[in-house]
J.: 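Handing you this structure, nothing more for now.
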Amino acid sequence: MTILAVTMNPSIDVQYPLDHLKLDDVNRVTTVRKTAGGKGLNVARVLHCLDHPLIATGVLGGFFGQYLSSQLEQDGIRGDFAQIDGETRSCIAILHDDGDQTEVLEKGPTLSADDAANFLQHYEALLKQVDLVTISGSLPGGLPVDFYAQMVALGHKAGVKVFLDASGAALEAALKADEKPDLIKPNDSELGALIGEEVDRKNLPQLAKQLAHPIFDGVSWVVVSLGAAGAFAKHNADYYQAAIPKINVVNPVGSGDSTLAGLAYATDKGESVEDTLRSAMTTGMLNTMEAKTGFVDKSKFDEYFTKVTVTKQ
Ligand code: ATP
């Protein structure tokens, strides 16, 4: 059982820790961390931590693309990316002044029609080797808004489930297509943007009504992650609340990606609906307990799994 984790706009994530950020002046950095970044790569890393077979894919280009590939290799993660003419982007996070984070994010390369066609051919070949696909993050420039919808349709043609963690127009296009994603994982604000309503994470009856919105018809799983409040989910015609214990949060960045990894991991193992939600909450929580983004300590999985309460509504 292998999961294909897709990142269409990966990046080299650069972290510059500074005591104090001086504007309009020189800032010298002694410790620099450069990691393979992008939401789908967080999914891949969490699956790797869980010892689940996976392939990371997407597009890479230029020397930065090669660097990213070598970082994955060093981590023991199997990557199989399509090449593009453009250069893979870098995203800089300056950590400064006691917990402030200033980010400088490159938009990334613009893909040509040839790049898009090459990737889809590459993706179709990979589909023969996997049982489930996760697609995460934004579309790079140059790709049509229905690109993820096309990837869902190709997945289904190959008999493979496709989980989509995207937002905005790309997600809407996938929800309006004939072949629906098998799972989407909006957080509360993404859900609000989709249905054009305020979302109150404490009002569960209202959340259930909001998930009954026709935009979600035909999507088996809609999992709304609610940070420290756990999650609320719709699985076909049933609704579930997942409640989690209070934990010591070190770094919550990437918890949504870790949640998606937990959902894919449990689904690929054929777990029940309740245990799938428990797994998702466990990987989300375990990620928040680590300083590293998209990292979980597998030895703690069973302990936290038993602490999640899933209630059918
Ligand atoms: P991000 O965009 O930062 O990756 P997200 O907004 O998509 O995250 P969240 O709803 O914040 O996702 O978090 C996903 C899951 O991670 C939650 O359902 C929960 O299991 C866990 N989690 C996140 N924040 C906390 C927290 N403060 N305490 C406990 N668990 C948390």
Side-chain angles (χ1 to χ4, degrees), residues 5 7 9-11 13 35 37-47 49-50 91 93 99 101 103 105 134-138 163-168 170-171 181 183-194 199-202 204 207 210-211 221-235 239-266 273-297 300-311:
T7 319
N9 205 359
S11 64
D13 284 352
T35 48
K39 288 169 71 64
L41 290 169
N42 291 338
V43 174
R45 253 193 301 272
V46 171
L47 290 170
C49 292
L50 296 171
C91 291
Q101 179 158 334
E103 298 189 10
L105 309 181
T134 64
I135 304 174
S136 310
S138 57
F163 290 6
L164 178 61
D165 184 11
S167 56
L171 174 59
L183 178 147
I184 59 168
K185 193 217 69 61
N187 60 23
D188 46 356
S189 61
E190 288 161 352
L191 172 66
L194 265 180
V199 172
D200 174 0
R201 51 169 69 185
K202 295 208 176 77
L204 302 186
L207 263 171
Q210 289 174 323
L211 293 191
W221 272 108
V222 183
V223 181
V224 184
S225 64
L226 302 169
F232 191 81
K234 172 175 180 277
H235 180 250
Y239 294 84
Y240 297 85
Q241 184 203 7
I244 58 177
K246 207 169 161 37
I247 53 168
N248 188 18
V249 174
V250 178
N251 172 16
V253 178
S255 353
D257 304 330
S258 308
T259 302
L260 185 69
L263 289 163
Y265 170 72
V273 167
E274 280 87 353
D275 283 355
T276 300
L277 286 170
R278 270 188 204 108
S279 285
M281 293 299 95
T282 305
T283 46
M285 282 189 288
L286 293 183
N287 174 70
T288 69
M289 293 161 68
E290 304 288 334
K292 277 199 257 176
T293 297
F295 181 85
V296 300
D297 179 350
K300 295 185 182 148
F301 188 93
D302 291 347
E303 181 193 343
Y304 283 87
F305 183 88
T306 54
K307 291 182 179 167
V308 181
T309 320
V310 175
T311 321

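Each ligand, and each atom within it, is numbered from 1 in the order the structure gives. Here the structure is a predicted model, which means the values were calculated and not measured.
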J.: Answer yes or no: is there a side-chain heavy-atom contact under 4.5 Å between Met289 and Ile247?
T.: yes

J.: Looking only at protein heavy atoms, which one is nearest to atom 12 (O) of ligand 1, and how far off is it?
T.: Ser225 OG, 3.3 Å

J.: Restricting to non-hydrogen atoms, name the atom on Val296 and the atom on Asn287 that form the minimum distance, rounded to 0.1 Å.
T.: CG1-N, 3.8 Å

J.: Measure the distance from atom 27 (N) of ligand 1 to every protein heavy atom, then report the residue, atom name and distance (to 0.1 Å) of the closest one.
T.: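 Nearest neighbour among protein heavy atoms for atom 27 (N) of ligand 1, to 0.1 Å: Val249 CG2, 3.5 Å.
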
J.: Classify the angle between the aromatic ring planes of Phe301 and Tyr265 as parallel (below 30°), tilted (30 to 60°) or perpendicular (above 60°).
T.: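 Phe301 vs Tyr265 ring planes: perpendicular.
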
J.: So do the side chains of Val46 and Asp257 get within less than 4.5 Å of each other, counting heavy atoms only?
T.: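 Side chain of Val46 against side chain of Asp257, heavy atoms only: no contact under 4.5 Å found.
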
J.: Number the atoms of ligand 1 from 1 as they appear, then name those within less than 4.0 Å of a heavy atom of Leu226, with their elements.
T.: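 Those atoms are 10 (O).
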
J.: Of the listed options (Gly284, Ser255, Ser189, Gly227), which comes nearest to atom 17 (C) of ligand 1 when hydrogens are ignored and any heavy atom counts?
T.: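 Going through Gly284, Ser255, Ser189, Gly227 one by one, Gly227 has the nearest heavy atom to atom 17 (C) of ligand 1.
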
J.: Given Ala228, Gly230, Ala231, which has its nearest heavy atom closest to atom 18 (O) of ligand 1?
T.: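 Answer by nearest heavy atom: Gly230.
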
J.: Going by the side chain to side chain contact (heavy atoms under 4.5 Å, CB included) test, name the single residue among Val308, Val273, Thr283 that passes it with Arg278.
T.: Val308

J.: Should Asp188 and Leu207 be marked as a side-chain contact (heavy atoms from CB on, under 4.5 Å) after you check the CA-CA gap, both sets of side-chain angles, and the distance that decides it?
T.: CA-CA 10 Å; Asp188 46 356; Leu207 263 171; over 6 Å; no

J.: With respect to Leu183, which candidate in Thr134, Leu260, Leu164 satisfies the side chain to side chain contact (heavy atoms under 4.5 Å, CB included) definition?
T.: Leu260

J.: Taking the side chain as every heavy atom from C-beta outward, state whether Glu103 and Cys91 have any pair of such atoms under 4.5 Å apart.
T.: no

J.: Go through the steps for Glu303 and Lys307 under the test salt bridge (Lys or Arg N to Asp or Glu O under 4.0 Å), then give the verdict.
T.: CA-CA 7 Å; Glu303 181 193 343; Lys307 291 182 179 167; 3.3 Å; yes

J.: Suppose I only count heavy atoms of Thr288 and a 4.0 Å limit; which atoms of ligand 1 are within that range?
T.: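 Numbered from 1, ligand 1 contributes 22 (N), 23 (C), 24 (N), 25 (C), 31 (C).
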
J.: Could you tell me which atoms of ligand 1, counted from 1 in the order shown, lie closer than 4.0 angstrom to a heavy atom of Ile244?
T.: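 Contacts of ligand 1 toward Ile244, numbered from 1: 19 (C), 20 (O), 29 (C), 30 (N).
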
J.: Would you mind running through ligand 1 and noting each atom that sits below 4.0 Å from a heavy atom of Thr259?
T.: 14 (C), 15 (C), 16 (O)

J.: Would you say Asn187 has any N or O atom under 3.5 Å from an N or O of ligand 1, going by distance alone?
T.: yes

J.: Are any of the protein's heavy atoms under 4.0 angstrom from atom 2 (O) of ligand 1, yes or no?
T.: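 It does not: no protein heavy atom is found less than 4.0 Å away from atom 2 (O) of ligand 1.
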
J.: With atoms numbered from 1 as shown, which atoms in ligand 1 lie under 4.0 angstrom from a non-hydrogen atom of Met281?
T.: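 By the 4.0 Å cutoff, the relevant atoms are 18 (O), 20 (O).
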
J.: Evaluate Gly256 for polar contact with ligand 1, using N/O atom pairs at a separation under 3.5 Å.
T.: yes

J.: Is the closest heavy atom of Lys185 to ligand 1 under 4.0 Å?
T.: yes

